[in-house]
Amino acid sequence: LSQLSFNRLKIDKSFVHDLASGGDQSVIWGILLIAEALGKTVVAEGVETDVEAQILRAMGCNIVQGYLYARPESPDNFQAFVETIDRASSSERRRSRVRVPVGTHAFDQAGTVSHAVSAYQAAHSDVGVVHQVHRNLKCRSLFKAGDLDLAVISSVPGIDEDLVPVRAWEDQLIWVGAATAIPTPDQPLPLIGDAGGSFYQFIAINACERAGRKIKFALFVDCFQAFYDALLQGEGIVLMARHSMMEKEFEEGKLLALDSQQYGLPDIADFRQQIGLCALPLEAGPAHQVQQALIEELSRVFDGFGLQRTI
């Protein structure tokens, strides 16, 4: 792909149609990651329902096409359709003067955050809230570049202090794995690695080095579905934030929360993850008012996760 001349990748409708029924998202995540690495845009085709559009938006795919928006037309009808869209767009631009880009890092609750942002947008039609979901490091770089007015970013208190959030929540970290993946204390720790890098991975390596515990990466994954499958199949263990734990899998005994002392794992009691709402300084005005309203709305969402609020 890196040797081909093209501007965008297209996600085939066969992958899109399974989204609403909870189908496998790993191919879509893979396409999005490849496009991000190559600096290309992505278009998802065959979008027919609001649910499909919302899921794709939450995954970070912001360009879509399909019957949800329009069907194939004859040349004459298409010209009339374009003129109608142009008039509607001009009217919308005159009516909506406030555009607030919001970025969220990809984690289990990103869908809940996306729904909260969408609900705010639906209740305030004069505001253009653009919600994007990215990997945590990409979300961080976009915020630092000034491309996001508001961002949800994970960090490690005491280690990663280059961003100061306006609201923050602290979460416990815990070792997680299937019963078949637990090594004996004298064996290297089999970690499931994140190909894009993550704070969890950084802390896991740090904790192992501090404890003098050897590690080996059982495999590297580049999307949540592959990570989830590897975890359930007992390929290795991971360090996760408590709020990200899949409750159903724990209730069914498919995954275990591994106590460090009981299972001879490196101690992680001193480490915490911080989920922060970072706000770009804006001048007083409509955009600033929307930004502050979204801070309050998202604060209510994160308070509902049961995390310890620190700011």
Side-chain angles (χ1 to χ4, degrees), residues 105-109 135-140 152-165 168-247 249-276 305-311:
H105 73 90
F107 70 122
D108 272 4
Q109 305 293 355
R135 298 176 77 89
N136 192 56
L137 295 178
K138 177 66 176 294
C139 195
R140 171 189 296 269
V152 179
I153 296 175
S154 289
S155 59
V156 181
I159 296 177
D160 179 51
E161 298 180 338
D162 59 336
L163 290 174
V164 180
W169 295 261
E170 224 172 70
D171 200 4
Q172 176 188 2
L173 295 177
I174 190 166
W175 293 107
V176 176
T180 55
I182 303 172
T184 60
D186 60 328
Q187 293 177 317
L189 204 61
L191 297 180
I192 298 175
D194 182 345
S198 73
F199 286 108
Y200 300 143
Q201 187 168 291
F202 170 77
I203 295 174
I205 294 173
N206 189 296
C208 288
E209 289 179 346
R210 189 173 65 176
R213 181 70 179 269
K214 292 183 178 180
I215 63 173
K216 68 173 183 179
F217 283 99
L219 76 166
F220 283 90
V221 295
D222 59 4
C223 67
F224 180 78
Q225 186 64 48
F227 164 83
Y228 175 80
D229 291 342
L231 196 56
L232 289 180
Q233 292 167 11
E235 298 283 355
I237 67 174
V238 296
L239 195 62
M240 295 178 65
R242 178 64 182 83
H243 81 273
S244 296
M245 290 165 57
M246 288 75 75
E247 298 296 342
E249 285 73 12
F250 279 84
E251 291 173 0
E252 295 175 352
K254 295 179 180 179
L255 293 176
L256 301 176
L258 307 175
D259 179 81
S260 296
Q261 186 171 1
Q262 179 181 352
Y263 291 98
L265 300 172
D267 183 25
I268 51 172
D270 295 340
F271 294 105
R272 293 287 188 274
Q273 181 195 40
Q274 177 175 271
I275 306 293
F305 292 159
L307 307 180
Q308 178 183 354
R309 187 160 167 177
T310 57
I311 299 178

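Counting non-hydrogen atoms of other residues, nucleotides and ligands closer than 6.0 Å to CD of Q261 gives a total of 12 or fewer.
The heavy-atom pair separating I275 from V152 by the smallest distance is CG2-CG1, 3.9 Å. Of all the heavy atoms in W175 and A204, the pair that sits closest is CH2-CB, 3.9 Å. The shortest heavy-atom contact between T310 and E170 is CG2-CB, 3.8 Å. In terms of heavy-atom proximity, I268 sits nearest to L173 at CD1-O, 3.4 Å. Taking all atoms of both residues into account, the shortest heavy-atom contact from A181 to G234 is CB-O, 3.6 Å. Minimum interatomic distance between A207 and D267 (heavy atoms only, all atoms of both residues): CB-O, 4.1 Å.
Residues K216 and P183 have side chains not in contact (no heavy-atom distance under 4.5 Å, counting atoms from C-beta outward). At a threshold of 4.5 Å between non-hydrogen side-chain atoms, the residues I153 and P165 do not count as touching. With a 4.5 Å cut-off on side-chain heavy atoms, M240 and L255 do not count as touching. Between F217 and I205, some side-chain heavy-atom pair lies under the 4.5 Å cut-off.
Note that CG of L258 and OH of Y263 are 6.0 Å apart. Values are rounded to the nearest 0.5 Å. In this structure, CG on L191 lies 9.0 Å from CG on L239, to the nearest 0.5 angstrom. L231 contributes atom CG, which lies 12.0 Å from atom NZ of K254 (distance to the nearest 0.5 angstrom). Here the straight-line distance linking atom CD1 of I237 with atom CG of L189 works out to 4.0 Å at 0.5 Å rounding. With values rounded to the nearest 0.5 angstrom, Q308 atom CD is found 12.5 Å from W169 atom CH2.
When atom types are taken as modelled, the side chain of R210 and the backbone of P266 share no donor-acceptor pair closer than 3.5 angstrom. R213 places a side-chain N or O within donor-acceptor distance of the main-chain N or O of Q187, the cut-off being under 3.5 Å.
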